[in-house]
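Read through the structure below, which is laid out as structure tokens, and then see the notes.
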Amino acid sequence: MSDNKPIYDTRVRKIIELLKFVIRDEAAQKLGYKNYRSLDVCMRRKNFKYDSESGQYVPNENIADKLKRTLKAMHPQRLQASSLPLKRQMQTL
């Protein structure tokens, strides 16, 4: 399994900063990419994805982490009990 942590190198920081002022097509052209798709491939390799609402690249979330966070929001007590060892769970029942 690969580690899905975002890689913040100088190019990524430059792209993120540039997107605060111009759209993705213009940023790709200024940085020497053929089009925005090439820029997108570069950012995906660094574990980022494009958020169309904010017009910015954001760190890509691991699906398991996202699901875990959603479940905790829905059932905090249930997940807290299930994280206990099985022997303790039987005692609480």
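One-based numbering along the sequence shown.
Every side-chain contact (heavy atoms from CB on, under 4.5 Å) that Ser54 has, sequence neighbours left out, goes to Asp51, Gln56. Residues forming a side-chain hydrogen bond (donor to acceptor under 3.5 Å, both in side chains) with Glu17 (at least two apart in sequence, or on another chain): Lys20. For the salt bridge (charged side-chain N to carboxylate O under 4.0 Å, His left out) test, no residue two or more places apart in sequence or in another chain qualifies with Arg37. When the ring pair (Phe, Tyr, Trp, His ring centres under 6.0 Å) test is applied to Tyr36, no partner is found at least two apart in sequence or on another chain.
Distance check, rounded to the nearest 0.5 Å: SG of Cys42 to CD1 of Ile15 gives 4.5 Å. For the atom pair CG of Asn60 and OH of Tyr50, the computed distance is 15.5 Å after rounding to the nearest 0.5 Å. Rounded to the nearest 0.5 Å, atoms CD1 (Ile7) and CE (Met43) are 10.5 Å apart.
In this structure, the side chains of Tyr57 and Val12 stay at 4.5 Å or more apart for every pair of heavy atoms. For the pair Phe48 and Ile16, the minimum side-chain heavy-atom distance is below 4.5 Å.
Salt bridge status for Asp9 with Arg13: absent, with no side-chain N to carboxylate O gap under 4.0 Å.
When hydrophobic clusters are built by joining Ile, Leu, Val, Met, Phe, Trp and Tyr residues whose side-chain heavy atoms come closer than 4.5 Å, directly or via intermediates, Val58 is not grouped with Val22.
The minimum heavy-atom distance linking Leu19 with Ala27 is given by the pair CD2-CB, 3.8 Å.
The list of side-chain hydrogen bond (donor to acceptor under 3.5 Å, both in side chains) pairs with a residue in residues 21-33, not counting sequence neighbours, reads Arg11-Tyr33.
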